[in-house]
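Structure record follows, encoded as structure tokens.
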Amino acid sequence: MAYEYHRSGSLEEALVLAAGDDSALIAGGTDLLVALRKRKRPAPRHMVSIRSLPELAEVSEQAGSLHIGAGVPMADVLANTVVREHLPALTAALAVIGSRQIRNVATLGGNLCNASPAADSAPPLLVYEATLELAGSSGRREIAISDFFLGPGRTVLRPGEIMTAIRVPLPGAGAQSAFLRRSRVAMDLATASLAAAYTARDGKLINLRLAAGAVAPTPLRLRRTEAFLEGKPVAEETLAEAAEIARSEVAPISDLRGSEWYRRELIGVFLSRALRPRSTRMKGSA
Amino acid sequence: MSEEHFIGVETARPDAPDKVSGRTQYVHDIAVPGMLWGAIRFSDHAHARIKHVDTSAAERLPGVKAVITAYNTPEVRIGFLRDNFALKRDKVRQYRDEIAAVAASDPDTAREAASLIRVEYEPLPGVFSPEEALVEGAVLVHETDARGRPRADNVVPVRFAHHSGDIEAGKRASKFIVEGEYTVPLIQQSCLGTAGCIASFDARGNLTLIAKTQIPFLVQRDFNKALEALGLEGRNVRVVVPALGGGFGTGLDTHAYEYIAMLLAWRTGQPVKILYNREEEFAYLSPRQSATSRIRQGCDENGKLTFREIEVVQDNGAYTSWGATFPSVMLVPATSLYRVSNISFESKIVYTNNTYCQAMRGYGNPEITWPIESSIDELAEQAGMDPYEMRLLNCNQPGETTPMGLKITTCGLKECLDRTAEKLDWGTNRGKGKGVSRGFGMASVINVAGGGKIYRSDGSGIILKLDDYGNVNVSYGGVEMGQGLHSALILTVAEAFGVKPDQVVINQTDTATCPWDVGTHASRGAFMACNAAVMAARKLRQRLFEWAEEIYPQQVEESLTKARKHNPEFREPEFDWRAAASRDRFELADGILRVQGAPDRPELQVELGRLLRAIHFRKQGGGTTFAEEAFYEPPTDLPDWERGYGNMSATYAFGTQGVEVYVDEETGEVRIVRLVAAHDVGRVLNPQTLRGQIYGALAQGVGYALYEEVHTDKGRVLNPGFTDYKLPTACEMNFPIHIELIETNDPEGPFGAKGVGEPGLVPTAPAIANAIYDAVGVRIRDLPITPEKVLRALKHQRAGSPVR
């Protein structure tokens, strides 16, 4: 597992290094190093560290959006007061990723670029309709997060391209969001997860967005379920019907974390729990 | 028992400071000069003939010192039935079979070289469950036995059974009968410290093996046999045991990697270390067996148990370890948990092409208590009884002899049941489950607690040696593996001999310096070590007091002379200390020698070190040093296994655990709300380590109940690591645990203590399953009880079709 380690001093330098043959970007390293140790991928010749690049390290509020540098450790995102106040689904997701030690080094950008179907930050960012800022040697571009993932471990990132920031529009007044998830034990990959964002107006769901994790090759917007529920009042029968749609909209596999059947069941439960008015939620439910 | 100074007193573990500050030396930390690293090439098939092994590429790799196979080394047979080989020659029978091994200058080179070895196979069909393996005409895992005689089937030739009373009469006397099939999965012992060893030969062919073992003297015997295979008859293996980093049964056998290290060290003339990483530990070390039990139990109209019938089938895997003798321990609860007079127990262990299994904490007891205690609740429901009342009605009693011939001396089971019920407010809480998703359950345990005789000696030797400063050095051949044995032993030696715990030092376990001990298993460590220590301490005191008759008066005289000289207000003691200085009047406590009845004056007391130096350097006639040996063999029988009869332990531990659970009926998730563990421990030696034993066992019990399983597919381990092998974390164990320690003061126990190592994980799973049933009315019969199983059962229940 021998490689040359480059600590880049600026984004420009990192882009040059990353454009070279057989190089890999490393930020927190919590996915990459484990994969290398388990020989799940060959060791690159060049390891290009983008950790603490100033261009990737900033969190700031800009014109109704929160700009989160892709290299910001999750613990720092989690500690951000704007995140905690306006983005409860993201807060809930980040709070259960790994352990505190992992969150101290793992970055938000890394969680997305690793493109695990179970990446916990993805469903919340999908429902917040985040925009991803990418930089490459041929220039910068922006992409909606819903267009980012292609498959397990695969994204639209071009060779040598670096995610620099995640831009999250801050939800307006009255907007609600939630993140639900279960795993076998604490500090485990999700068996299934679901994020929901909506505004409840006159008892009706407005501007509803739903996204699920660990139930398809990529984190996934549940657009059919959204369309069905949009503008409808929250009633148990409606929720039951919506849960049925959501269960059919996801495409889980059976693996050691759970069967296809159980994952679909969980998505249905999560959906009801996310949208059911708080007062009627089951005591002790997630 | 009220005069004791240290027994029962909360005392910090002696090994804690070194462990928390990283000074403890595990095998991982140890290197010896000139040491090479070994790596093993394992099989790529679950069952195949080996056609050709090409080691040339590995041999050419720089840094490689030796590559060995079964073709260029002597045959070394290993295992409980000698059905295994250090290196495999003609056939592989499981994925982890060792085909070749490499010694190299560093571990990475060794592993790389191992991966360069090319093996050609002729794949064979395999059998991957006992059912498949027992089919008429099934592929044979072993075509012949160890003596070369052809084998007819895949049944492992060890037999444990018990039949007593009259089952048919029992059935006729039954008003209610329940029947069920229960399974337990393959699980991993999950030691924090992975497996490893260092083998070094001296120039004469004697071997020192630093080994992660729980049975240094039994493995010495096995390793000495292997030396004979190398042509080194008459040479000896010295087994040195480092800090273990957890044993849990993994050290109850020898392992192929140890013999491979031996072979590599012999071939290269250099010490060789083999160390497994976590993934290797999961894939290449033996887990706990899976088992399927069919149980029938009945009771009369009053709830009195009328009969119990159990058939258990275990998946042995491809080779046989001591773990194949699990049914020897299953016999204890099968015949003797609660009073049942008509009993039938049959067991079968079957060869398959799965990973071969070995011992784990509880050794068959959790596997069989799971069906027994689940079935008791089913029976109680049939009979319309409170399951707690049913347990009380059939409770074991002190002084009884059970159908297996177990002589129950002290028995705190009734108290354990009562305390558990009381702490859970059982009468008010239980039976209200449905609708609130909250339930209560309990289950009990009987466990050997005074040794467990499965070998021709169940004894333990010990040596206590005094230095010139009043320190007691203890040489004991059992193993501190994290359980706190040394803490109990230190307190016992301090108490029994009469020094402070700080004056007791336990030496490293080493076959060269410690007397024989059968091993640390069966909850026997503290019971045996402390009994032997009490015997040796008595001998040591006796000899010391004989010498003190001459030396004590001299020392007192010296002190008095000094006092007369330096203290103007000196008064002569009004006590005839010369006359009192006799062996039967001496008292030794806290490292100070006194005589009974003497006034409390410093001149009349002699500090132990000073006394010992005076004896050692005695001017007239020469002095002496002190070391005393004792060997404790418990008063037990080696049972007749085919009849399942014999009193295998000097005493038995009992316990009851009760839990409250919350079941999420939408997701099937089970959350433990609180847990009560009431255990008859005989006597508490050190409350801190005792509670530690129970907490640790409970976590393993909860893991067994809810989370843990080694998944395999056609013999290949699918989850070789903690990513997908789930142990409960602190977050899952985040519920109140109430421990009740019941003291029954066992007459055979050291200061009344019983063994406590295993009972704590035995009843946890059935207690949880019973609570789940109470909460939501579904009974899960296969462990682990995953949310998915619970949800499926709930869905079936709602649809009106019971699961199984």
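Letters A, B, ... mirror the listed sequences (proteins, then strands); counts begin at 1. Just so you know, these numbers use all the heavy atoms, side chains as well, and skip hydrogens, waters and symmetry mates.
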Report summary line: Residue pairs passing the side chain to side chain donor-acceptor pair (under 3.5 Å) test with at least one member in residues 96-119 of chain A, sequence neighbours excluded, are Asp31(A)-Asn114(A), Ser99(A)-Gln101(A), Asn111(A)-Ser121(A)

Query raised in the report: Looking at Phe42(B) versus Tyr95(B), is the centre-to-centre ring distance below 6.0 Å?
Result: no

**Report entry** Check: Ala93(A) main-chain N/O paired with Asp120(A) side-chain donor or acceptor under 3.5 Å
**Finding:** no

Report summary line: Whatever's closer than 4.5 Å to a heavy atom in chain A on Thr723(B) counts as both

Report summary line: By salt bridge (charged side-chain N to carboxylate O under 4.0 Å, His left out), Lys789(B) pairs with (sequence neighbours left out) Asp782(B)

Requested in this report: Measure Arg184(A) against the heavy atoms of chain B and call it side chain, backbone, both or neither at under 4.5 Å.
Outcome: both

Query raised in the report: Tell me, side chain or backbone of Glu788(B) under 4.5 Å from chain A's heavy atoms, or both, or neither?
Result: both

Query - Contact winner vs chain B - Leu256(A), Val269(A), Asp255(A), heavy-atom pairs under 4.5 Å - result: Leu256(A)

Requested in this report: Tell me, for Leu706(B) versus chain A, whether the close heavy atoms (under 4.5 Å) come from the side chain, the backbone, both or neither.
Outcome: neither

Query raised in the report: Would you call Arg224(A) and Glu249(A) a salt bridge, using N to O less than 4.0 angstrom?
Result: no

Query raised in the report: Given that the side chain runs from C-beta out, which part of Thr191(A) has a heavy atom under 4.5 Å from chain B: side chain, backbone, both or neither?
Result: neither

Query raised in the report: Do NZ/NE/NH1/NH2 and the carboxylate oxygens of Arg263(A) and Glu260(A) come within less than 4.0 Å?
Result: no

Report task. Pick whichever of Val34(A), Asp188(A), Leu266(A) has the most heavy-atom pairs under 4.5 Å with chain B. Result -> Asp188(A)

